[in-house]
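Take a look at the structure set out below.
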Amino acid sequence: MNKEEVRVRFAPSPTGHPHIGNIRTALFNWLFARHSGGKFIVRIEDTDQSRKVEGALESILDSLKWLGLDWDEGPEIGGEYGPYFQSERLDLYHKHVQQLLDSGHAYKCYCSSERLEQMRKEMAERKESVRSYDRHCRNLSANEQAKFESEGITPIIRFKIPLEGETTFHDLVRGDITFQNTELDDIVLMKSDGYPTYHLANIVDDHFMKISHVMRADEWLSSTPRHTLLYQAFGWEPPLFAHLPMILGPDKSKLSKRHGATAVTEFQEQGYLPEAMLNFMALLGWSLDDKTEMFSKVDLIKLFSIERISKTAAVFNHEKLQWMNGTYLREFSHEELLSRINPILETQLPDTVNRPISKEYASQIVPLIQERINTLTEAATYADFFFVEQPEYEASLLIGKKMTEESTLRALKASQEILPSLHSFDHDTLENTLRAKADELGLKAGQLFSPLRAACTGRTASPGLFETMAVLGKERCLKRIAVAIQKLEPA
RNA sequence: GGCGCAUUCGUCUAGGGGUCUAGGACACCGCCCUCUCAAGGCGGAGAUCGGGGGUUCGAAUCCCCCAUGCGCUACCA
């Protein structure tokens, strides 16, 4: 094999929406390929017909596209070593499994699943270490085989693991790893439905697609000696292996739906930025040094290396992702942020708000919320009062600290009187006027501002009062103040 | 049960014999800023480096044992 050219692959099976762990694997492969000037290949491992999930393929491809992990060969674009769907490569697998049969490295197995189940049960009862298969058909005579064939049993094909010796392979992350061959079972290569198992298809494809490095999750480590033996049986040189640390949920178990949103597409829907997602995922199992943690995609490509992949599984920390997303959000220019937020506003603002949303108006709001949101979707929930006709809230919200119903009413009415006379409704005018008014009323600035804030926004927390009022405009502020006074005024 | 891998603050991690009385980040707490909330700045608390034996003048760093966690143990990937 030509080890000069780096060719790596992301080989998902279309059995569901890819979660952050799957895509992290894709990311590391992609990063390594781009770093080394090699090729990144996507291969779909659809050899299990029963587990196929509708829409999973699209979800996988969409996740990659969203993050900008472009592939050089694979679905939609093809390539020199296609097809890139295993279900379209069945002939290749049959041909090679036959080769193994002919060379005595594989054999047909006629055991029923019932017998297998029974066998495993008995082994467990006898407290023997449970084996997946007892090699019952490994040395069947020609007569016995003919008998099973005549009964119409479709055999599966198993790999003949050497009965003795040991198998060692080198892992780029963990070093040399050795397994006793006696610990290895005669794995299934070809299933009775004519589809290969992962083990066979994987080896055949990696070989013919000239894959130089296999970077996959840690859960595959135990399968690697079997794969090594398979390469030997074929007389092929195996690729280099690098097993990536797993990503776990908060309870330290394998990531699953139980852990809430883990599908990459869900993060997209929740308003996370692809650049933040990418940065965050890169740090799950990889680091540059003891302090750097903000990495652009270009940085990552330049700096990524297998040597700095860690060995330990990582718990997925949602809070840190959120922080990082907010950091990216804050670094955007107003124009950039607007362009990201606008589509969210369109879809997530209440139905009562007229569409399309005015970009000009939204652009005034963006600077006010930029440092107060951590995700794009928060823009719609945080800033909705800018868009609705009249925010809903309880009258009690108007009465702030150190304020009573009476003083609140007085403050609101005083504001109602002075605001119409303002020639300009900008930040400074508002601030000067209102501060003077507070003085005049014998109130602290905050005592006056809080009922005004509640009246104008329907919230106790909002962007700066004067900025907010300026954006809302004199007319709307006055209207909302009037509503507030009504809420407090005895009927 | 067997086999494999792993084990540094709650979490992500730095560390590869002395510079570590273990560094950074998220989260947490306090202070500053301040019209609220954030953001930002400053500071704090938080890990006897899973435990026990070695090796060494000296170990988070090397070796062994144990414990724990995770993974694999399917005609799933």
Side-chain angles (χ1 to χ4, degrees), chain A residues 11-15 45-48 50-51 109 111-113 116-117 120 123-124 127-133 154-158 171 173-174 177-180 182-185 187-193 195-199 201-202 216-225 243 245-246 248 250 252-254 280 283-294 308 310-324 326-327 330 369-374 382 400-401 431 434-435 438 444-450 452-454 457 459-466 468:
Chain A
S13 66
T15 53
E45 310 225 323
D46 54 349
T47 55
D48 187 343
S50 64
R51 290 209 311 155
C109 171
C111 294
S112 65
S113 45
L116 260 24
E117 203 176 310
R120 284 167 199 152
M123 276 185 166
K127 293 184 112 178
E128 282 176 33
S129 61
V130 182
R131 308 302 299 266
S132 68
Y133 186 54
T154 310
I156 58 171
I157 296 172
R158 288 182 184 274
D171 184 273
V173 175
R174 282 151 222 282
I177 296 168
T178 300
F179 284 72
Q180 295 303 314
T182 50
E183 296 296 335
L184 274 22
D185 291 310
I187 48 170
V188 176
L189 262 20
M190 194 61 80
K191 300 181 268 188
S192 56
D193 63 358
Y195 279 80
T197 59
Y198 168 86
H199 303 294
N202 191 263
R216 72 222 310 187
D218 217 14
E219 54 192 321
W220 295 106
L221 198 64
S222 307
S223 302
T224 309
H243 287 91
M246 307 263 289
L248 313 173
K252 304 208 176 202
S253 71
K254 213 168 160 179
F280 182 73
L283 259 16
L284 251 25
W286 177 85
S287 65
L288 201 230
D289 55 27
D290 59 341
K291 44 195 55 136
T292 321
E293 57 184 356
M294 298 302 285
R308 294 205 57 89
S310 69
K311 296 176 169 64
T312 60
V315 172
F316 168 60
N317 185 187
H318 205 128
E319 282 174 330
K320 188 156 182 174
L321 202 215
Q322 211 166 42
W323 163 80
M324 188 170 277
T327 303
R330 266 163 246 126
I369 63 173
Q370 182 159 28
E371 58 194 30
R372 288 169 238 261
I373 57 173
N374 281 321
Y382 186 82
K401 277 183 192 164
E431 174 153 23
L434 261 9
R435 280 194 190 280
K444 292 226 171 177
Q447 287 177 300
L448 170 62
F449 299 166
S450 66
L452 271 177
R453 163 173 290 106
T457 69
R459 310 274 173 82
T460 53
S462 78
L465 215 217
F466 317 117
T468 300

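Residue numbers begin at 1 in each chain, while the letters A, B, ... track the order of the sequences.
For the P atom pair drawn from rC57(B) and rC49(B), the interatomic distance equals 23 Å after rounding to whole Å. Comparing the P positions of rG30(B) and rG53(B) gives a spacing of 42 Å, expressed to the nearest Å. Comparing the same atom, P, in rG16(B) and in rA22(B) gives a spacing of 16 Å after rounding to whole Å. On the C1' atoms, rU36(B) is 23 Å away from rA27(B), given to the nearest whole Å. Rounded to whole Å, the separation between the P atoms of rC62(B) and rG18(B) comes to 12 Å. Between the C1' atoms of rA14(B) and rA60(B), the separation comes to 12 Å (whole Å). Annotation: rU61(B) and rU7(B) have their C1' atoms spaced 14 Å apart (nearest Å). Rounded to whole Å, the C1' atom of rA47(B) lies 4 Å from the corresponding atom of rC9(B).
With a cut-off of 3.5 Å on both pairing distances, rG16(B) has no Watson-Crick or G-U wobble partner at all. Pair assignment for rU34(B): none, as no Watson-Crick or G-U wobble contacts are both less than 3.5 Å. Nucleotide rU21(B) forms no Watson-Crick or G-U wobble pair with any nucleotide shown, as no partner meets the under 3.5 Å limit on both distances. Across all strands shown, the partner of rG71(B) is rC3(B), judged by Watson-Crick or G-U wobble contacts whose two distances both fall under 3.5 Å. When both distances must be under 3.5 Å, the Watson-Crick or G-U wobble mate of rG10(B) is rC26(B). Using the Watson-Crick or G-U wobble rule with both distances under 3.5 Å, rC62(B) pairs with rG54(B).
We find that CZ of Phe179(A) is positioned 16 Å from P of rG2(B), with the value rounded to whole Å. Separating the OH atom of Tyr198(A) from the C1' atom of rC76(B) is a distance of 11 Å, rounded to the nearest angstrom. The separation between Asp171(A) atom CG and rG4(B) atom C1' is 12 Å, rounded to whole Å. Rounded to whole Å, the distance from CG on Asp185(A) to P on rC76(B) is 15 Å. One can place CD1 of Ile157(A) at 11 Å from C1' of rC75(B), the figure rounded to the nearest angstrom. Atom CE of Met123(A) is separated from atom C1' of rC3(B) by 15 Å (rounded to the nearest Å). The OH-C1' distance, from Tyr195(A) to rA74(B), rounds to 19 Å in whole Å. The distance from atom CZ of Arg216(A) to atom C1' of rC76(B) is 14 Å, rounded to the nearest whole Å.
The shortest side-chain heavy-atom distance between Tyr198(A) and Ser223(A) does not fall under the 4.5 Å cut-off. At a threshold of 4.5 Å between non-hydrogen side-chain atoms, the residues Asp48(A) and Ser13(A) do not count as touching.
Distances from the side chain of Asp48(A) to the nucleotides rC75(B), rC76(B), rC72(B) place rC76(B) closest.
Of the possible donor and acceptor atoms, none in the side chain of Glu183(A) sits under 3.5 Å from a partner among the backbone N and O of Gln180(A). Distance alone, capped at 3.5 Å, is enough to place a donor-acceptor pair between the Arg131(A) side chain and the Leu184(A) backbone.
Geometrically, Arg372(A) does not engage Tyr382(A) in a cation-pi contact, judged by NZ or CZ lying under 6.0 Å from the ring centre and within 45° of the ring axis.
A perpendicular orientation is assigned to the rings of Phe316(A) and Phe280(A), their planes being inclined by more than 60° (bins at 30° and 60°).
Between the CD1 atom in Ile187(A) and the OG atom in Ser132(A) there is a gap of 9.0 Å [rounded to 0.5 Å]. Within the model, atoms CG of Leu283(A) and NZ of Lys320(A) stand 6.5 Å from one another, a figure rounded to the nearest 0.5 Å. Taken to the nearest 0.5 Å, the CH2 atom of Trp220(A) stands 15.0 Å off from the CG atom of Asp171(A). Distance check: Leu452(A) CG to Thr468(A) OG1 gives 11.5 Å after rounding to the nearest 0.5 Å. The CG atom of Asp290(A) sits 7.5 Å away from the OG1 atom of Thr292(A) when rounded to the nearest 0.5 Å. Of the inter-residue distances, the one linking His318(A) atom NE2 with Trp323(A) atom CH2 reads 14.5 Å to the nearest 0.5 angstrom.
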Do nucleotides 33-46 of chain B as a string where each nucleotide becomes B, S or -: B if the base has a protein heavy atom under 4.0 Å, S if just the sugar-phosphate does, - if no protein is that close. --BBBBS-------

Reading 5' to 3' through nucleotides 5-22 of chain B, protein heavy-atom contacts under 4.0 Å coded B for base, S for sugar-phosphate only, - for none: SSS---BBSSS-------

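In terms of heavy-atom proximity, Thr47(A) sits nearest to Lys191(A) at O-NZ, 2.9 Å.
Across all strands shown, Met324(A) has no heavy atoms under 4.0 Å from either base or sugar-phosphate atoms. Across all strands shown, Arg459(A) has no heavy atoms under 4.0 Å from either base or sugar-phosphate atoms. Among the protein residues, Thr292(A) comes within range of no part of the nucleic acid, since none of its heavy atoms lies under 4.0 Å from any strand.
Distances shown here put every side-chain N or O of Thr47(A) at or beyond 4.0 Å from the OP1 or OP2 atom of rC76(B). Taking only side-chain nitrogens and oxygens, Arg120(A) never comes nearer than 4.0 Å to OP1 or OP2 of rU73(B).
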Write down the protein N/O and nucleotide N/O pairs, taken from nucleotides 62-65 of chain B, whose separation is under 3.5 Å; answer none if there are no such pairs.
none

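Only one option out of Lys311(A), Glu219(A), Arg174(A), Arg216(A) pairs with His243(A) in a side-chain hydrogen bond (donor to acceptor under 3.5 Å, both in side chains); it is Arg216(A).
Below the 3.5 angstrom threshold, one finds no donor paired with an acceptor across the side chain of Ser222(A) and the base of rC72(B).
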